[in-house]
*Asks:* 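Encoded as structure tokens, here's the structure I'll be asking about.
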2 protein chains.
Amino acid sequence: MQAIDPTAHSPGACQAREVLDRVGDKWSLYVISQLGSGTKRFNELKREIDGISQRMLTVTLRGLERDGIVTRTMYPVMPPRVEYSLTDLGRTLLETVGTFVRWAEENLDQIEAARARYDARAGEIEAFG
Amino acid sequence: MQAIDPTAHSPGACQAREVLDRVGDKWSLYVISQLGSGTKRFNELKREIDGISQRMLTVTLRGLERDGIVTRTMYPVMPPRVEYSLTDLGRTLLETVGTFVRWAEENLDQIEAARARYDARAGEIEAFG
DNA sequence: CTGTATCCAAATCGATACTG
DNA sequence: CAGTATCGATTTGGATACAG
């Protein structure tokens with residue numbers, strides 16, 4: 001790929017970081033990934049994304065909605081029903097996120113192994129160095 | 001893409017998050033992106049990655065080295081010379097990161113527009129709602 | 001040049017309690 | 001059900017000083 005060159009001060013490269021910060025965080029990645037399989041309700045997402053708190057799901061969904069990546073549809077019934085789904089823009093992002101998540105899954109073993117080697121070496125140095 | 005299903009408790013899906021956390025953060029993305037154009041020295045990276053502090057560059061590089069994504073080569077000369085480059089694993093990640101960063105750059109305008117709309121609507125509600 | 005160590009401020013996040 | 005509000009703990013990150 002083309003390396004990003006901040007020295008060029010192209011508006012795109014400088015502001016892209018802000019986008020990556022928002023959309024590249026752990027929970028956003030998982031919300032986008034989950035919404036890839038269709039429209040979901042709030043608690044449905046909460047159940048499916050292991051370990052996310054209500055607060056973080058709310059915050060993440062608001063951010064993605066603000067960025068035009070998910071839509072929020074509220075049905076004024078009792079009890080309330082709110083549905084989330086990807087926008088067109090969100091679906092283009094889904095492709096990218098997908099390859100990223102798959103990369104992580106596919107290379108887990110290699111990374112774990114690398115970590116083990118690194119930690120073992122660090123331990124050695126601490127003990128005998 | 002395939003949605004991640006934490007309820008399945010597949011070892012890959014559950015631990016992939018840990019990998020994404022490390023490799024998906026802001027600074028890692030930029031370090032990987034920069035190293036895509038070749039081997040770099042510490043201060044070279046620091047200059048090229050706008051806004052990164054010495055501390056965060058060190059922390060980020062250590063993490064990526066631990067995960068087997070970058071190699072660190074130290075030349076015992078005075079003054080010290082340390083070179084960083086991507087491993088084979090790192091180069092496979094570069095592809096993925098590249099599409100991600102490009103997505104952010106290419107869709108910056110759409111996202112900014114969406115944010116402006118969202119914020120305008122929120123302002124309205126605050127003022128007249 | 002390439003770091004490490006320390007301190008402190010700010011952001012993040014989870015838990016909990018409460019609301020329409 | 002789908003949130004909001006608040007609080008305290010943890011994490012993160014920048015600034016600074018120092019070292020091989």
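Just so you know, these numbers come straight off a predicted model, no measurement behind them. The sequence lines fix the lettering, A, B, ..., with proteins before strands; numbering per chain opens at 1.
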*Asks:* Given Watson-Crick or G-U pairs with both distances under 3.5 Å, what dot-bracket string fits DNA chain D, with | for other-strand pairs and [ ] for crossing?
*Replies:* ||||||||||||||||||||
*Asks:* To the nearest Å, give me how far apart CD (B:E83) and P (C:dG3) are.
*Replies:* 12 Å
*Asks:* Compare the minimum distances between each of C:dT2, D:dC1, C:dG14 and the side chain of B:F42, then state the nucleotide with the smallest one.
*Replies:* C:dT2
*Asks:* Rounded to the Å, how far apart are B:M56 CE and C:dA10 C1'?
*Replies:* 14 Å
*Asks:* Could you tell me the separation between the CD1 atom of B:I49 and the P atom of D:dG13, rounded to a whole number of Å?
*Replies:* 14 Å
*Asks:* If you apply the rule side-chain contact (heavy atoms from CB on, under 4.5 Å), what do you find for A:T58 with A:R55, and how did you get there?
*Replies:* CA-CA 5 Å; A:T58 301; A:R55 176 183 146 78; 5.8 Å; no
*Asks:* Should B:R72 be listed as having a side-chain N or O under 4.0 Å from OP1 or OP2 of C:dG3?
*Replies:* yes
*Asks:* Rounded to whole angstrom units, what separation is found between the NZ atom of B:K40 and the C1' atom of C:dT2?
*Replies:* 17 Å
*Asks:* Is the side chain of B:K40 donor-acceptor paired with the backbone N or O of B:Q34 at a distance under 3.5 Å, no angle test?
*Replies:* yes
*Asks:* Could you state the CZ-C1' distance from B:R22 to D:dT12, rounded to the nearest angstrom?
*Replies:* 14 Å
*Asks:* Side chain of B:Q54, heavy atoms from C-beta onward: which of D:dT4, C:dT4, D:dC1 has the nearest atom to it?
*Replies:* C:dT4
*Asks:* When you check the phosphate oxygens OP1 and OP2 of D:dC1, does a side-chain N or O of A:R41 lie under 4.0 Å from one of them?
*Replies:* no
*Asks:* Provide, to the nearest angstrom, the distance between the CD atom belonging to B:E44 and the C1' atom belonging to C:dC1.
*Replies:* 13 Å
*Asks:* Between D:dT11 atom C1' and A:K26 atom NZ, what is the distance in whole Å?
*Replies:* 12 Å
*Asks:* I'd like to know if the side chain of A:R91 and the backbone of A:L86 have a donor-acceptor N/O pair within less than 3.5 Å.
*Replies:* yes
*Asks:* From the options C:dG3, D:dC1, C:dC13, select the nucleotide whose nearest atom is closest to the side chain of A:P80.
*Replies:* D:dC1
*Asks:* Rounded to the nearest Å, what distance is computed from the CE atom of residue B:M78 to the C1' atom of nucleotide D:dG20?
*Replies:* 7 Å
*Asks:* Would you mind telling me which of C:dC13, C:dT2, D:dA15 lies closest to the side-chain atoms of A:R55?
*Replies:* C:dC13
*Asks:* Ignoring backbone atoms, test whether B:Y84 places a side-chain nitrogen or oxygen under 4.0 Å from the OP1 or OP2 oxygen of C:dC1.
*Replies:* no
*Asks:* Provide the closest heavy-atom pair for A:G68 versus A:T87 in the form atom of the first, atom of the second, distance.
*Replies:* O-OG1, 2.7 Å
*Asks:* Please tell me whether B:S28 and B:T60 have a donor and an acceptor in their side chains that are separated by less than 3.5 angstrom.
*Replies:* no
*Asks:* Is there a residue in residues 57-70 of chain B whose heavy atoms reach under 4.0 Å of DNA chain C, and which residues are they?
*Replies:* B:T58, B:R62
*Asks:* May I ask you to check whether A:E65 and A:Y84 show a side-chain donor-acceptor distance below 3.5 Å?
*Replies:* no
